[in-house]
Amino acid sequence: MRICVLTGAGISAESGIRTFRATDGLWEDHRIEDVATPEGFRRDPVLVHRFYNMRRADAARAQPNAAHRALARLARRHQVTLITQNVDDLHERGGSTDVIHMHGSLLGALCAACGHRFPATLVMRSLDRCPACGKQSTRPDIVWFGEIPYHMERIWAAVEDAEMFAAIGTSGQVYPAAGLAQHASRAGAATIELNLARSAVSRDFAQHRIGPATSVVPEWVDELCG
Ligand code: APR
């Protein structure tokens with residue numbers, strides 16, 4: 001079966017990585033406009049690098065959980081397109097391959113001057129020089145608010161081709177990711193939302209599994225893998 005899976009911060013929560021909009025979420029003690037916009041980076045690159053260095057260290061310390069591993073197992077039995085909003089590499093470390101990071105990755109760096117992409121170091125500094133053009137304008141290769149998510153052509157095609165669309169651990173607050181379920185449903189896919197609670201787009205899903213990802217995702221995968 002052709003299954004399109006979209007994940008959000010909730011799938012990594014039980015690995016100890018903070019989500020964004022919970023009461024202890026990242027956006028409770030960091031202003032999005034300061035650390036997750038191109039304007040914030042231009043204003044204070046030191047603050048932005050410090051924010052992503054902290055998130056990169058958290059992700060490096062975290063381990064993939066049973067939900068990440070279950071999705072890798074699912075892809076061994078079905079034709080799975082895995083799209084994530086997450087910038088950690090827990091899907092890859094949990095055994096998934098060809099993960100579509102629509103909001104970029106903490107492992108990637110980008111030169112704001114020449115566009116050169118290269119592997120990020122664990123700690124990035126605003127004085128680092130771009131390996132290609134030598135300018136001190138390196139930034140995390142993360143899609144910030146106001147920027148266009150990556151791989152959208154491939155994402156729309158996978159959503160339209162899917163027989164089933166599942167969203168796991170995402171609040172449905174950020175588009176275009178939040179609109180994918182409705183798009184899949186209109187294209188004829190079955191839809192299921194797996195989350196600790198209802199999201200802003202729960203109405204777009206025909207089925208719901210409420211509970212922690214490390215419980216509901218392996219259960220769902222076991223059903224699909226017989
Ligand atoms: N198991 C399942 N779901 C969980 C768990 C868990 N253990 N813990 C939290 N959740 C759910 C919450 O109920 C919520 O719906 O995960 C979701 C987390 O929501 P957000 O913090 O908004 O994260 P996300 O939906 O990934 O945010 C989308 O917003 O800030 C931007 O670019 C950022 O990619 C991010 C995007």
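Read the numbers this way: they start at 1 and go in the same order the structure lists the ligands and their atoms. As the structure is a computational prediction, the values presented were derived from the model and not from experiment.
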Item to check | E223 atom CD: more than 12 heavy-atom contacts under 6.0 Å | outcome: yes
Considering distance alone, does some N or O of [X] sit under 3.5 Å from an N or O of ligand 1?
| X | value |
| --- | --- |
| L196 | yes |
| A9 | yes |
| N86 | no |
| S199 | no |

Taking only heavy atoms of [X] into account, list the atoms of ligand 1 that are under 4.0 Å away from them.
| X | result |
| --- | --- |
| W27 | 30 (O) |
| E14 | 1 (N), 6 (C), 7 (N) |
| G8 | 26 (O) |
| G169 | 3 (N), 16 (O), 17 (C), 18 (C) |
| P212 | 1 (N) |
| A213 | 1 (N), 2 (C), 6 (C) |

I need the nearest protein heavy-atom contact for [atom]: residue, atom name and distance, please.
| atom | result |
| --- | --- |
| atom 10 (N) of ligand 1 | G10 CA, 3.6 Å |
| atom 27 (O) of ligand 1 | R21 NH1, 3.0 Å |
| atom 21 (O) of ligand 1 | F20 N, 2.7 Å |
| atom 19 (O) of ligand 1 | S171 CB, 3.4 Å |
| atom 12 (C) of ligand 1 | N195 OD1, 3.5 Å |

Among side-chain atoms of [X] and [Y], is any donor-acceptor pair under 3.5 angstrom?
| X | Y | value |
| --- | --- | --- |
| Q63 | S15 | no |
| S126 | Q136 | no |
| T7 | T84 | yes |
| R50 | N53 | no |

Under a 4.0 Å heavy-atom limit, does [X] contact ligand 1 with its side chain, its backbone, both, or neither?
| X | result |
| --- | --- |
| F145 | side chain |
| A13 | side chain |
| Q85 | both |
| H103 | side chain |
| V174 | side chain |

Checklist entry - Between H49 and F41, what is the ring plane arrangement, given parallel below 30°, perpendicular above 60°, and tilted in between? => result perpendicular
Checklist entry - Parallel, tilted or perpendicular: which fits the ring planes of F205 and H208, with parallel below 30° and perpendicular above 60°? => result perpendicular
Next on the checklist: Please confirm whether Q173 approaches ligand 1 to less than 4.0 Å, judged on its heavy atoms.
Outcome noted: no
Next on the checklist: Please compare T170, T214, L26 and report which has the shortest non-hydrogen distance to atom 25 (O) of ligand 1.
Outcome noted: T170
Checklist entry - Centre of W144's six-membered ring, under 6.0 Å away, within 45 degrees of the axis: is that where NZ or CZ of R139 sits? => result yes
Checklist entry - Looking at Y150, does the NZ or CZ of R117 lie under 6.0 angstrom from its six-membered ring centre and within 45 degrees of the ring axis? => result yes
Item to check | Sidechain N-carboxylate O distance under 4.0 Å for D128, K135 | outcome: no
Checklist entry - Should R93 and D88 count as an ion pair when the cut-off is N to O under 4.0 Å? => result no
Checklist entry - Judged by atom type as modelled, is there a donor-acceptor pair below 3.5 Å linking the side chain of R203 to the main-chain atoms of A200? => result yes
Item to check | R129 (side chain) donor-acceptor with G134 (main chain) under 3.5 angstrom | outcome: yes
